[in-house]
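What follows is one structure encoded as structure tokens, with my remarks underneath.
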Amino acid sequence: MKIVCIGRNYTDHIKELKNERPEEPVVFIKPDSAVLPNGQDFYIPGFSNEVHYEVEVLVKIKKVGKHIEEKFAPNYYDEIGLGIDFTARDLQAKLKEKGLPWEKAKGFDGAAVVGKWLPKSNFKDLNNLNFSLYKNGNEVQKGNTSLMLWKIDALVSYVSTFFMLKKGDVIFTGTPAGVGKIQANDYLSGRIEGQELFSIKIK
Ligand code: ZN
């Protein structure tokens, strides 16, 4: 499987990182080795002093598709999840400055938290989902999918024009504002419409 991530998909997060509003979705990939195995603790890698959490709504692709038209996108996924796009922000800043690819800052081992999956039929409107991230019991990020610049179906369509989507691929749909640094002994948990889909200890 592959992980396709969308950057800069919420205006409030674009502003907090002082990025430009993109004209098209910003897309990058994490390797499958980036998935944090279920139930395991996350170890802050030695090459970074500033790992940030980014909570994101996830979509799991259920069949092969390329050049998927937006109106047919719902046929390609049945499950919605929540995860974290861990980012070595200090390393990413250096790479961005030099115009180099971000993979080392975004695709390292454990950098993709993939929580429990829920059938999309559980939700009335995928374009109006509330989700949040809690750190040590305090809400640190709060988003709603209605605030995405590109909504889920548009993203599935857009991504499939570049990368053939396959069964089991996961799309990370971007993070809202409130990203921040993690430290050893932090405890993170994520909820979508009040339901907890993951919890992780930081080491
Ligand atoms: Zn992200």
Side-chain angles (χ1 to χ4, degrees), residues 1-36 42 44-45 48 50-61 77 80-96 100-115 126 129-135 139-152 154-156 158-159 162-163 165 169-182 186 188-192 197-198 200 202:
M1 58 86 86
K2 61 182 169 295
I3 301 166
V4 184
C5 301
I6 307 301
R8 304 180 196 172
N9 201 24
Y10 289 85
T11 313
D12 53 353
H13 173 63
I14 294 170
K15 283 188 193 149
E16 78 179 340
L17 290 189
K18 299 187 174 70
N19 282 319
E20 263 174 53
R21 187 194 166 106
E23 281 166 19
E24 286 180 73
V26 174
V27 178
F28 58 95
I29 299 267
K30 292 184 192 247
D32 59 0
S33 49
V35 176
L36 184 70
F42 175 81
I44 297 174
S48 177
E50 198 189 1
V51 173
H52 278 191
Y53 49 77
E54 295 189 353
V55 71
E56 311 200 0
V57 170
L58 312 182
V59 180
K60 194 202 269 180
I61 298 299
Y77 65 88
I80 295 293
L82 194 69
I84 299 179
D85 165 19
F86 276 126
T87 304
R89 194 72 71 200
D90 45 358
L91 181 53
Q92 187 196 28
K94 273 188 217 160
L95 295 167
K96 270 165 83 172
L100 294 170
W102 298 345
E103 273 79 358
K104 288 191 288 185
K106 290 272 198 184
F108 57 86
D109 296 348
V113 173
V114 177
L126 296 183
L129 292 178
N130 291 297
F131 60 100
S132 30
L133 182 74
Y134 294 80
K135 185 173 94 168
E139 190 179 66
V140 286
Q141 276 194 283
K142 186 188 173 105
N144 184 291
T145 52
S146 65
L147 302 172
M148 288 177 168
L149 295 178
W150 288 277
K151 306 288 190 288
I152 290 173
L155 292 175
V156 169
Y158 183 81
V159 164
F162 298 91
F163 307 119
L165 291 172
D169 288 350
V170 175
I171 300 180
F172 276 62
T173 59
T175 196
V179 301
K181 187 179 167 174
I182 49 165
D186 280 343
L188 300 176
S189 65
R191 292 187 201 165
I192 198 161
L197 295 193
F198 65 78
I200 322 154
I202 309 298

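Order of listing sets the numbers, starting from 1, for every ligand and every atom in it.
Two residues are said to be in side-chain contact when any heavy atoms from C-beta on lie closer than 4.5 Å; Ile171 and Tyr77 fail this criterion.
In this pair, Phe42 and Phe86 present their aromatic rings parallel. The plane angle is below 30°, not in the 30 to 60° band.
Each protein N, O or S atom less than 2.8 Å from the Zn ion (ligand 1) was counted, giving 3.
Here Asp90 pairs with Ser48, Asn49, Glu50, Ala88 under the side chain to side chain contact (heavy atoms under 4.5 Å, CB included) rule; sequence neighbours left out.
Within 6.0 Å of atom NZ in Lys142, 12 or fewer heavy atoms from other residues, nucleotides or ligands are found, so the atom counts as exposed in its surroundings.
The side chain to side chain contact (heavy atoms under 4.5 Å, CB included) with Gln141 is formed by just one residue from the set Ile84, Thr175, Leu188; it is Thr175.
Taking the charged nitrogens against the carboxylate oxygens, Arg89 and Glu54 do have a contact shorter than 4.0 Å, which makes a salt bridge.
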